[in-house]
2 protein chains.
Amino acid sequence: MAELSSRDRMIRSAVELISRNGVDATSFSEVIKHSGAPRGSIYHHFPGGKTELMVEAVRAAGAIITRRISSAAATGSTADVIEAVGDIWRLNLTRSDFAIGCPVIAGGLARASEPEVAEVSAEVMLGWQKLIESQLETAGYPAAQAKSMANLTITSVEGAVAVCQTTRSIEPLEQVIASLQGLSRSEARSN
Amino acid sequence: MAELSSRDRMIRSAVELISRNGVDATSFSEVIKHSGAPRGSIYHHFPGGKTELMVEAVRAAGAIITRRISSAAATGSTADVIEAVGDIWRLNLTRSDFAIGCPVIAGGLARASEPEVAEVSAEVMLGWQKLIESQLETAGYPAAQAKSMANLTITSVEGAVAVCQTTRSIEPLEQVIASLQGLSRSEARSN
DNA sequence: GTCTATACGAAGATAGAC
DNA sequence: GTCTATCTTCGTATAGAC
């Protein structure tokens with residue numbers, strides 16, 4: 001197991017802090033403290049300043065989730081994809097006492113102060129949409145239904161994560177996963 | 001039409017700024033500038049400081065939305081409730097070039113820095129859940145389905161608003177509204 | 001109710017030594 | 001690659017005059 005570079009440790013910490021507190025509320029000082037990286041090398045590693053660090057963090061976080069969805073889509077059924085996204089957020093929420101949310105949405109909501117970060121979030125999300133859409137089409141959904149179901153999956157799960165954080169309950173997510181599972185079964189039957 | 005008091009103008013501006021930039025990124029100075037309210041009276045009107053202003057803003061914003069849902073639920077069908085929440089966010093998103101999101105979710109996501117505000121957001125959301133649940137039960141849904149469908153409505157719409165802001169497209173919301181409408185029709189048939 | 005002045009801390013960013 | 005020092009701006013909050 002190779003040691004992570006200072007740069008990578010900073011990105012990793014930024015991902016966690018963004019997931020917890022959002023982009024605007026994540027400062028260099030906190031990233032330094034959390035990562036244990038040296039103060040003096042911030043602008044050496046990230047000449048673009050905070051924006052560059054945040055962009056890298058959202059890109060890295062998005063890639064991890066994309067990979068999870070992708071491997072579930074490759075080997076499994078629609079139910080496996082839904083279960084995979086459910087697992088990601090169930091774990092993050094319960095392990096963090098509902099403090100950790102989706103860093104990609106956090107990036108998207110920071111458009112006013114960090115438009116470049118929001119743009120990365122948009123790209124990542126469109127990637128998720130296409131990925132799930134393809135899986136559904138492979139599973140036999142007509143194009144229009146695949147699009148609609150992929151959209152409902154992404155929006156309801158993202159919304160559920162935020163509602164879980166707000167109400168400090170895992171129920172909204174569990175119910176959404178159950179609804180999506182049920183829906184995927186009945187839509188599969190009707191085609 | 002009575003003039004709004006300084007206090008009310010500050011709350012009204014805070015609602016808009018929270019909806020655009022989130023709780024953490026909304027400062028007193030911006031609220032003052034936006035509302036035109038006098039600088040010197042902030043702590044006269046809000047002895048509890050920023051926290052008190054934010055609490056009042058989320059409470060006020062939540063009440064407005066609750067009223068809209070409530071009147072749609074009282075006079076109409078399930079389809080009307082879904083259409084009502086769709087109308088609220090379609091208008092806010094398109095009129096603001098996707099800058100305005102849900103202030104109640106914004107409050108909920110600020111739990112780390114403003115726990116009292118998040119608590120108000122949680123109460124407001126539980127109110128929405130109960131409200132929509134009751135409407136669905138009145139429309140003939142069994143309790144479990146009503147709960148599940150109300151949850152899917154809230155989470156998917158909240159998620160759609162955030163995804164629309166991120167991708168700068170109204171499509172995610174339109175698709176969600178269409179999905180929910182379709183779902184309410186088919187579930188109504190199956191009961 | 002509203003004003004000014006002020007205290008204090010934290011933020012992002014840059015310069016220059018090592 | 002990493003350090004310290006410093007600049008500037010902005011945030012919340014308080015005190016005391018009017």
Side-chain angles (χ1 to χ4, degrees), chain A residues 2-58 106-107 109-118 120, chain B residues 2-58 106-107 109-118 120:
Chain A
E3 287 288 317
L4 283 175
S5 66
S6 288
R7 189 170 193 278
D8 286 341
R9 275 184 298 153
M10 284 190 249
I11 292 175
R12 178 182 279 228
S13 288
V15 170
E16 169 141 7
L17 291 168
I18 291 172
S19 303
R20 288 177 178 266
N21 306 326
V23 169
D24 291 333
T26 296
S27 67
F28 269 144
S29 340
E30 283 173 301
V31 172
I32 292 301
K33 201 192 311 176
H34 186 271
S35 65
R39 284 201 98 71
S41 56
I42 299 177
Y43 285 88
H44 172 74
H45 292 303
F46 302 96
K50 178 174 175 173
T51 299
E52 185 177 352
L53 173 57
M54 297 294 143
V55 162
E56 293 304 322
V58 170
L109 294 181
R111 191 174 284 278
S113 54
E114 295 282 2
E116 296 181 40
V117 179
V120 174
Chain B
E3 288 288 318
L4 283 175
S5 67
S6 288
R7 190 171 193 275
D8 286 340
R9 275 184 298 152
M10 283 190 251
I11 293 175
R12 176 182 280 229
S13 288
V15 169
E16 169 142 7
L17 290 168
I18 291 172
S19 303
R20 287 176 178 268
N21 306 325
V23 169
D24 290 334
T26 297
S27 66
F28 269 144
S29 339
E30 284 174 301
V31 172
I32 292 303
K33 200 191 312 176
H34 186 271
S35 65
R39 286 201 96 72
S41 55
I42 299 176
Y43 286 88
H44 172 74
H45 292 302
F46 302 96
K50 177 175 174 173
T51 299
E52 185 178 352
L53 172 57
M54 297 294 141
V55 163
E56 294 304 321
V58 170
L109 294 181
R111 191 175 285 277
S113 54
E114 295 282 2
E116 297 180 40
V117 178
V120 173

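Letters A, B, ... mirror the listed sequences (proteins, then strands); counts begin at 1.
Proximity of a side-chain donor or acceptor of Ser41(B) to a complementary backbone N or O of His44(B) within less than 3.5 Å is not detected. A donor-acceptor contact shorter than 3.5 Å links the side chain of Lys50(B) to the backbone of Val23(B). Judged by distance alone, with hydrogens and angles left aside, the side-chain atoms of Glu30(A) form a donor-acceptor pair with the main-chain N or O of Ser27(A) at under 3.5 Å.
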I'd like a table of atom pairs between the protein and nucleotides 9-11 of chain C - only N or O on both sides, under 3.5 Å - with the distance next to each one.
| from | atom 1 | to | atom 2 | distance (Å) |
| --- | --- | --- | --- | --- |
| dA11(C) | OP1 | Ser27(A) | OG | 3.1 |
| dA11(C) | OP2 | Ser29(A) | OG | 3.0 |

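In this model, no donor atom of one side chain and acceptor atom of the other lie less than 3.5 Å apart for Asn21(B) and Thr26(B).
At whole-Å resolution of the value, CZ in Arg39(B) and P in dA5(C) are 12 Å apart. Atom CZ of Phe46(A) and atom P of dA13(C) are 13 Å apart (whole Å). Look at NE2 on His44(B): it is 12 Å from P on dC3(C), rounded to the nearest Å. Ile32(A) places its CD1 atom 14 Å from the C1' atom of dA13(C), with the value rounded to the nearest Å. Taking atom OH on Tyr43(A) and atom P on dT6(D), their separation rounds to 18 Å, with Å as the unit. In this structure, CD1 of Ile42(A) is placed 12 Å from P of dT4(D), rounded to the nearest angstrom.
Between dT2(D) and Ser41(A), a contact under 4.0 Å exists linking OP1 or OP2 to a side-chain N or O.
Taking a cutoff of 4.0 Å between a charged side-chain nitrogen and a carboxylate oxygen, Arg20(B) and Glu16(B) qualify as a salt bridge.
Taking for each of His45(B) and Gly49(A) the nucleotide of DNA chain C with the nearest heavy atom, the 5'-most of the two is the partner of His45(B).
Between Phe28(A) and Tyr43(A), the distance from one ring center to the other falls under 6.0 angstrom.
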